[in-house]
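Structure record follows, encoded as structure tokens.
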Amino acid sequence: MRTRVGIIGAGPAGLLLSQLLRQAGIDNVVLEDRTRAHVEHRQRAGVLEQNTVDVLRACGAGERMDRRGLRHDGIELRFHGEGHRIDFPSRTGGRSVMVYAQTEVVKDLIALSERDGGTILFEAEAKAVEGADTDSPLIRYVHEGEVKTLECDFVAACDGFHGIGRRTIPPGVLRTWEREYPFAWLGILADVPPSCDELVYAHHERGFALHSMRSPQVSRLYLQVAPDENLDAWPDERIWAELDTRLARGGWTLEHGPITERAVTPMRSFVAEPLRHGRLFLAGDAAHIVPPTGAKGLNLAAADVTLLAAAIIRWHDKSDETLLDAYSQTALRRVWRAEHFSYFMTTLLHRDPHQDAYGYRLQLAHLDYVASSDAAAASLAENYVGLPVV
Ligand code: FAD
Ligand code: DHB
């Protein structure tokens, strides 16, 4: 099989890239290892930056998001048992975020591809990328029990942290930076209306907690736990009791309900450089990971492919490679900003098991600063809603 752009991975990065290219008349094929049901139901992120909302609307995938998504104009930072609201639009020239699950973004993009005659091969595992340093790279993949070849002009590795794309780049070319955190998140979905109108990020001496949501009927909540936490040690009553303690605020109660999903996610920061090797491009989690506290993972993936699509379209329409040449540097500048913001939010709000009493007081001093200084709140707000994709 031959196509212009071979895309590995049907996560948000691969699916959005495919749609942006198809909209510009550029033929592409998406290869996805897992089943459609699996990628459509994998519980992950839930907050879309203004940029992500804008690009989903522009590519025709915004209709259901605009009906079902929840626009949020701020978040609450909760510490010392008190809440402090950070308003976004007043500090960011009117920008805000949308609470809309990654599962729904993925469903919308797959439906759009299906409607427009796009090609996504599910249960098609990419095994190797060959000829990345030539003008005609190819992907070897296994589909329906056979080894097949996808020849293309470009390969986009949107295959997540454990994918094969990044590993294709020779070790002498690729540099990586990494940090693992000494904690993880226990995330639950519960059939109970959210107990708040906006997300609550809580700092507590027992550890971080986050109250998010998926819809007016479904709550999403997270607890900081140990990286090797055993889920069996967390029956429903213990989860709710711990959430009650960490989210406590005078005059406020957390509604409990049936827990329908639970999982533990480790936390790490990771960046690979460069994002290009010849005609192979890395985008999304294949290139970088952030701890989830700033809600940046999915949004960075969307920003990467917005830049990559523009670069490929310029090459296709004008035979101009300038944007392709600039892709790695342009994307990485934004990536490192988000890496820092995610690190900042993570270290501000979590209880590090190695932290001393002084470190704990520094966290509270910084939280107090963000809650009381307009400059500090503005910095958090502009990073949270997302800096423009340039
Ligand atoms: P992915 O969504 O990982 O998609 C990559 C795709 O490539 C997958 O579908 C995979 O099956 C496919 N693939 C891999 N290898 C191959 C191969 N060889 N051949 C074919 N296909 C392949 N972010 C937040 O902001 N908030 C959160 O709460 C949050 N929770 C998360 C929980 C988990 C368990 C994980 C893993 C991530 C979470 N994230 C969260 C991060 C966010 O979901 C990711 O940043 C986002 O999914 C990145 O999108 P992507 O398309 O780059 O990668
Ligand atoms: C969600 C995840 C995040 O990482 C975050 O910072 C806010 C919300 C969520 O899954 O809803």
Side-chain angles (χ1 to χ4, degrees), residues 6-18 29-36 38-49 52 70 72 75 97-103 105-106 109-110 120-129 139-143 150 155-168 184-185 187-189 194 198-201 208 210-215 218-222 261 263-268 270 282-305 335 338 341-342 345-346 349 384:
I7 300 172
I8 312 175
L15 291 169
L16 180 58
L17 177 63
S18 171
V29 171
V30 181
L31 303 175
E32 168 57 51
D33 187 17
R34 313 302 294 258
T35 63
R36 175 172 178 173
H38 180 88
V39 299
E40 286 187 342
H41 294 97
R42 211 165 24 191
Q43 276 305 323
R44 289 187 172 178
V47 177
L48 308 184
E49 285 181 356
T52 309
L70 309 167
H72 279 204
I75 56 167
V97 296
M98 180 85 87
V99 174
Y100 188 62
Q102 181 167 330
T103 47
V105 172
V106 165
L109 287 166
I110 292 174
I120 305 172
L121 301 183
F122 290 100
E123 297 178 82
E125 186 189 358
K127 291 287 194 187
V129 177
I139 306 170
R140 293 211 192 276
Y141 65 101
V142 175
H143 190 226
L150 179 62
V155 175
C158 302
D159 49 355
F161 184 67
H162 300 288
I164 60 144
R166 190 178 67 248
R167 283 182 268 139
T168 301
W185 277 13
I188 63 160
L189 269 184
E198 293 178 335
L199 271 57
V200 178
Y201 287 79
F208 171 71
L210 169 61
H211 188 334
S212 179
M213 60 198 72
R214 286 292 174 265
S215 71
V218 176
S219 297
R220 175 86 166 142
L221 295 122
Y222 298 96
E261 266 203 58
V264 173
T265 309
M267 294 179 58
R268 99 159 37 90
F270 173 87
L282 307 180
D285 277 16
H288 40 73
I289 298 286
V290 286
T293 326
K296 289 289 159 226
L298 161 63
N299 294 297
L300 273 183
D304 283 355
V305 298
V335 166
F341 179 65
S342 306
M345 290 288 281
T346 301
L349 290 160
Y384 198 94

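Keep in mind it's a predicted model, so treat the numbers as computed, not measured. Each ligand, and each atom within it, is numbered from 1 in the order the structure gives.
- Near L199, with a cut-off below 4.0 Å to any heavy atom, the atoms of ligand 2 are 7 (C), 8 (C).
- Counting only distance, with no hydrogens or angles, the side chain of T346 and the backbone of S342 share a donor-acceptor pair below 3.5 Å.
- Between I139 atom CD1 and L31 atom CG the span is 5.0 Å, to the nearest 0.5 Å.
- Using modelled atom types, one side-chain atom of D159 and one backbone atom of G165 make a donor-acceptor pair closer than 3.5 Å.
- Of the candidates V305, L16, D285, D285 brings a heavy atom nearest to atom 53 (O) of ligand 1.
- Rounding to the nearest 0.5 Å places CD of E40 at 9.0 Å from OG1 of T35.
- Not one N or O on the side chain of D285 forms a donor-acceptor pair closer than 3.5 Å with the backbone of H162.
- When only non-hydrogen protein atoms are considered, atom 51 (O) of ligand 1 lies nearest to A13 N, 2.9 Å.
- Residue R214 touches ligand 2 through its side chain alone, judged by heavy-atom distances below 4.0 Å.
- Residue-level proximity to ligand 2 for L210 is carried by the side chain, the only part with a heavy atom below 4.0 angstrom.
- Heavy atoms of A124 come nearer than 4.0 angstrom to ligand 1 in at least one pair.
- R166 contributes a side-chain N or O that, together with a main-chain N or O of F161, makes up a donor-acceptor pair within less than 3.5 Å.
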| request: Begin with the C-alpha distance, continue with both residues' side-chain angles, and end with the deciding distance and a verdict on side chain to side chain contact (heavy atoms under 4.5 Å, CB included) for V129 and I8. | output: CA-CA 10 Å; V129 177; I8 312 175; 3.9 Å; yes
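- The shortest N/O to N/O separation between R42 and ligand 1 falls below 3.5 Å.
- For A286, no heavy-atom contact with ligand 1 is shorter than 4.0 Å.
- For a threshold of 3.5 Å applied to N or O pairs, the pair formed by R44 and ligand 1 contains at least one separation below that value.
- Residue, atom and distance of the protein heavy atom nearest to atom 18 (N) of ligand 1 are A126 O, 3.0 Å.
- For ligand 2, the atoms lying closer than 4.0 Å to a non-hydrogen atom of V47 are 7 (C), 8 (C).
- Contact check for T265 versus P292: no side-chain heavy atoms found under the 4.5 Å cut-off.
- Checked against a 3.5 angstrom limit, the closest N/O atoms of I8 and ligand 1 fall outside it.
- Close approach to T293 involves these atoms of ligand 2, each under 4.0 Å from a residue heavy atom: 6 (O).
- A pairwise comparison of heavy atoms in R42 and G11 identifies NH2-CA, 4.5 Å as the closest pair.
- Distances from atom 49 (O) of ligand 1 to the heavy atoms of G11, P12, P266, G165 put P12 nearest.
- Close approach of ligand 1 to R34 (heavy-atom distance below 4.0 Å) involves ligand atoms 11 (O).
- Counting all heavy atoms, side chain and backbone alike, D304 lies closest to G284 at OD2-N, 2.8 Å.
- The two atoms that bring I110 and V39 nearest to each other are CD1-CG2, 3.9 Å, heavy atoms only.
- The minimum heavy-atom distance between S219 and L221, with the atom names listed, is CB-CD1, 3.9 Å.
- The aromatic rings of W185 and Y222 are tilted relative to each other, their planes meeting at an angle between 30° and 60°.
- Looking only at heavy atoms of the protein, atom 22 (C) of ligand 1 is closest to D33 CB, 3.6 Å.
- In terms of protein heavy-atom proximity, atom 27 (C) of ligand 1 is nearest to A45 CA, 3.6 Å.
- Ligand 2 places these atoms under 4.0 Å from at least one heavy atom of R44: 10 (O).
- Proximity to G163 (heavy-atom distance under 4.0 Å) selects the following atoms of ligand 1: 15 (N).
- Contact atoms of ligand 1 toward L31: 20 (C), 21 (N) (distance under 4.0 Å to a heavy atom of the residue).
- If you check which protein heavy atom lies closest to atom 11 (O) of ligand 1, you get E32 OE2, 2.7 Å.
- Contact annotation: for S212 versus ligand 2, heavy atoms closer than 4.0 Å belong to the side chain alone.
- Counting only heavy atoms of the protein, atom 28 (O) of ligand 1 lies nearest to Y222 OH, 3.1 Å.
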| Are S18 and I120 close enough, and set up right, to give a side chain to side chain contact (heavy atoms under 4.5 Å, CB included), and what steps lead you there? | CA-CA 9 Å; S18 171; I120 305 172; 5.5 Å; no
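- Heavy atoms of C158 found under 4.0 angstrom from ligand 1 belong exclusively to the backbone.
- In terms of polar-atom proximity, P292 is counted as a contact of ligand 2, with an N or O under 3.5 Å from an N or O of the ligand.
- Side chains of L298 and R44 form no contact here, defined as non-hydrogen atoms less than 4.5 Å apart.
- Near V39, the atoms of ligand 1 lying under 4.0 angstrom from a non-hydrogen atom of the residue are 9 (O).
- The protein heavy atom nearest to atom 14 (C) of ligand 1 is D159 O, 3.1 Å.
- Counting atoms of ligand 1 from 1 in the listed order, those under 4.0 Å from a heavy atom of K296 are 25 (O).
- Heavy atoms only, all atoms of each residue included: A13 and A283 are closest at CB-O, 4.4 Å.
- Nearest heavy atom pair, residue E123 against residue H143, reads O-CD2, 3.4 Å.
- Of all the listed residues (Y201, Y100, Y222), Y222 holds the heavy atom that lies closest to atom 2 (C) of ligand 2.
- The aromatic rings of F341 and Y384 lie perpendicular to each other, with more than 60° between the two planes, well past the 30° mark.
- Distances below 4.0 Å separate heavy atoms of G284 from the following atoms of ligand 1: 52 (O).
- A distance of 10.0 Å separates NE2 in H41 from CZ in R36, rounded to the nearest 0.5 Å.
- Near G297, meaning under 4.0 Å from one of its heavy atoms, ligand 1 places the atoms 25 (O), 45 (O).
- For atom 46 (C) of ligand 1, the nearest protein heavy atom (residue, atom name, distance) is Q102 NE2, 3.7 Å.
- For ligand 1, the polar-atom distance check against G14 finds no nitrogen or oxygen pair separated by under 3.5 Å.
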